[in-house]
Amino acid sequence: MTDQTNPLLDRYMAISRAVAGQLDFQQVLQRVAGEIRAVIPYDHMDISVIFADTRDCCAAYEVGVTTGWGEANTPKPIEKSPIRQLLWGEVDHLLTGDAWQDARFHFDGAFDAPIYEARLHSRLHVPFRVHGTIHGALNISSHEKNRYSEQDVAMAREIADLLAPYIYALIRSEEAKKLALSEGAARGREEALRVGALRLTEGMENERKRLGMDLHDQTLADLARVSRQLSHLQRQPSLRASDLAELDVEISTCITELRRIIEDTKPGILELFGFSQAVEAQLERSVASAQPPIRTTVIDNTASLLDIGPEPLRQTLFRIVQEAINNAVKHGRARKIRVSIDTSATHLAVTVEDNGDGPAGAWDRSPGGVDNMRVRARLISAKIDFVRAASEGVTRVIVSLPLAQLTQEETDNDKTSDSTAMDGQGEEAAQ
C-alpha cells in the first residue's frame, strides 16, 4: 500500500474506533462525522435506518444542516423517500450533481422539501448491507453542484461497509429494547385487566347485595303488605270497591318495582329496539324524578351502525353510557344531557355530554363506577376519555371504539361477557 493511501486507511481505522461501544445511532453519527468529512466533505449527512418491525418505513439521523428528514427521528414511509430506489434495492447507489433537477428524487408524494430548504445540490447515497439485506443508507450532500464523483462513491461504499455491522447491531439492540418495552406493557395491561376483573367481581358482589336489599326492603315489603291486606279482606263479610282499588294500586306498585329491577339486570329494549332506543329509555328513567327537570337528547349519526355489532359489545357499551348518564344525573347536577353517536374513517364514538359540575378534574381519583367504565372500555378494546371543558361549561365522557370491533364474531368477544355480568352496576355510579 502506498503512502498516499495510508492516511485514508488511518481515517477508516479512526471511524472504526469511534463507533465502538456507542449505544445509539445519533452518537455513532456524531462520533464519525469529522472523520467522514475529512474523506468526503459535506454540508449535510444522515443515515437512514430500516427497522425489522417497520420495513416499510425508515428513520433518519443527521448532522450538519437540520432538516425534516431527521425530525424527531420518526420513521417515515420509504415509498415517499427521495432515495426509495436505493432502499428498495432497485439501484446499488445514487449520485447526482444537482438534486434539484434530478427527476429520480422527485415524484408524486415525495418528501423532497428538505432538498430545496437545505439547499442540497450534490448528493451521493450508498446502502448499508448485512447478509445481503439493506438495513439503511449513508447519505451525503453538499450545497455545491457537481461536488462528488464515482471515486467519492467508492469511498462512501467502504465507509458504509465499515459502519454496516455497527448499524445492524444497533438496529437489533433497538428492536430488543422495543420488544422488552412491549412485553413490559403487555404485562402491565395484563395486570391492569387482572385488577380490573377483581374490581368488577367486587362490583358484581356489591350489586348482588344491592339487588338483595332492593328486593328485601322494597319489593318483599310491598308484597308482605299486599298479603296482609288480602288476609284482612278475607276476614271481612263484604268487599268494598275502594278496598279492591287500593289493593290494585299496591300490586301495580310491586309490578313496577320488579320491572325496574329486571330492566336494570337485563336491558331488554337494547335487544328489541336497538342501542339508541335503549339509551333514550335509560335517559327517561334516569331523569323521570329529577327536579328541576333535565332536558335530554339522543342523536345517532351512524344509521344505527352499533346494532350490527356483537351483543356482548353493545351491552358493554350500553353499561358505560348508563354509568355516564347516572353520574350526570346523580352527581353532576346537570340540567341538559346529550348523547351522540358518530363515526370517523376508523372509529365509532359515543359521547355523553352534560352541563353539570363535572368532577373538577378528579377523574383519576374517582372510585367505583368510573373505574368500572374504564375496565369495561378496555375489555372491548375501546378508549374512554373524561373531559371537563370549563370554557363551554360541559363535561363529556367519550368512548371511542374501532369500527373493526363491530364486525367481529361474538366468539371473539367472549371477554366482553365478563363486563356485562355486572348487570346493574350502572345504577350505583359514583364519580
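Note that these values count all heavy atoms, side chains included, but never hydrogens, waters or copies made by symmetry.
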Quiz item: When rounded to the nearest 0.5 angstrom, what distance separates CG in L120 from OG in S142?
Solution: 8.5 Å
Quiz item: Is the closest side-chain heavy-atom distance between N327 and V329 below 4.5 Å?
Solution: no
Exercise. Could you walk me through whether E79 and R84 pass the salt bridge (Lys or Arg N to Asp or Glu O under 4.0 Å) test, one step at a time?
Key: CA-CA 6 Å; E79 65 179 1; R84 64 181 184 179; over 6 Å; no
Exercise. Heavy atoms only: give me the nearest P82-F111 pair and the separation to one decimal.
Key: CG-O, 3.3 Å
Quiz prompt | Exercise: identify the closest heavy-atom pair between P114 and T67 | solution = CB-CB, 3.7 Å
Exercise. Would you sort out whether R104 and Q85 count as a side chain to side chain contact (heavy atoms under 4.5 Å, CB included), showing the intermediate values?
Key: CA-CA 8 Å; R104 293 176 298 175; Q85 288 179 292; 3.8 Å; yes
Quiz item: What is the minimum heavy-atom distance between V126 and A156, and which atoms define it?
Solution: CG2-O, 3.6 Å
Practice problem: Under the side chain to side chain contact (heavy atoms under 4.5 Å, CB included) rule, what do I384 and M373 come out as? Steps first, then yes or no, please. | Solution: CA-CA 8 Å; I384 186 165; M373 293 165 73; 4.0 Å; yes
Quiz item: Which atoms form the tightest heavy-atom contact between V321 and F275, and what is the distance?
Solution: CG2-CZ, 4.0 Å
Quiz prompt | Residues R157 and D92 bridged, charged N to O under 4.0 Å | solution = yes
Quiz item: Side chains of T343 and T302: closer than 4.5 Å at any heavy-atom pair?
Solution: yes
Self-check item: side chain to side chain contact (heavy atoms under 4.5 Å, CB included) assessment of V350 paired with L317
Solution: CA-CA 9 Å; V350 181; L317 193 55; 3.9 Å; yes
Quiz item: Could you state the interatomic distance from NZ (K145) to OG (S122), rounded to the nearest 0.5 Å?
Solution: 9.5 Å
Quiz prompt | Side chains of T316 and L379 in contact at under 4.5 Å (non-hydrogen atoms) | solution = no
Self-check item: Side-chain donor-acceptor pair present, S141, R123, cut-off under 3.5 Å
Solution: yes
Quiz item: If you measure from CG on L406 to CG on L403, what distance do you get to the nearest 0.5 Å?
Solution: 6.0 Å
Self-check item: Side chains of S81 and L87 in contact at under 4.5 Å (non-hydrogen atoms)
Solution: yes
Quiz prompt | Point-to-point distance, once rounded to the nearest 0.5 Å, from CD1 of I140 to CG of L124 | solution = 5.0 Å
Exercise. Decide yes or no for E323 and R376: does some side-chain heavy atom of the first lie under 4.5 Å from some side-chain heavy atom of the second?
Key: yes
Quiz item: For H143, what residues pass the ring-ring contact (aromatic ring centres under 6.0 Å, His included) criterion, not counting sequence neighbours?
Solution: none
Quiz item: Side chains of T395 and R388: donor-acceptor distance under 3.5 Å anywhere?
Solution: yes
Quiz item: What do the steps show when you test L401 against L313 for side chain to side chain contact (heavy atoms under 4.5 Å, CB included), and what is the final call?
Solution: CA-CA 10 Å; L401 177 76; L313 182 146; 3.7 Å; yes
Exercise. Of all the heavy-atom pairs spanning P165 and L162, show the shortest one and how long it is.
Key: CD-O, 3.4 Å
Do any side-chain atoms of residues 44-52 form donor-acceptor pairs under 3.5 angstrom with protein atoms, and if so which ones, sequence neighbours left out?
residue	atom	partner	partner atom	Å
H44	NE2	E62	OE1	2.8
D46	OD1	N139	ND2	2.7
S48	OG	N139	ND2	3.0

Practice problem: List the steps, then state whether ring pair (Phe, Tyr, Trp, His ring centres under 6.0 Å) holds for H121 with Y148. | Solution: CA-CA 10 Å; H121 288 284; Y148 304 123; over 10 Å; no
Quiz prompt | Distance (rounded to the nearest 0.5 Å) between D112 CG and D102 CG | solution = 11.5 Å
Quiz item: Just wondering, do P312 and Q315 contact through their side chains at under 4.5 Å, heavy atoms?
Solution: no
Self-check item: Y42 six-ring face occupied by R37 cation (under 6.0 Å, within 45°)
Solution: yes
Exercise. Would you check if P292 and R335 make a side-chain contact, meaning some heavy-atom pair closer than 4.5 Å?
Key: yes
Quiz prompt | Inter-residue atom distance L283.CG - Q322.CD, 0.5 Å rounding | solution = 10.5 Å
Practice problem: Kindly write out the residues that satisfy ring-ring contact (aromatic ring centres under 6.0 Å, His included) with F105, not counting sequence neighbours, or none if the list is empty. | Solution: H125
Quiz item: Nearest heavy-atom pair of V91 and L86: which atoms, and what distance?
Solution: O-CD1, 3.6 Å
Quiz item: Is there a side-chain contact between Q282 and V339 (heavy atoms, below 4.5 Å)?
Solution: no
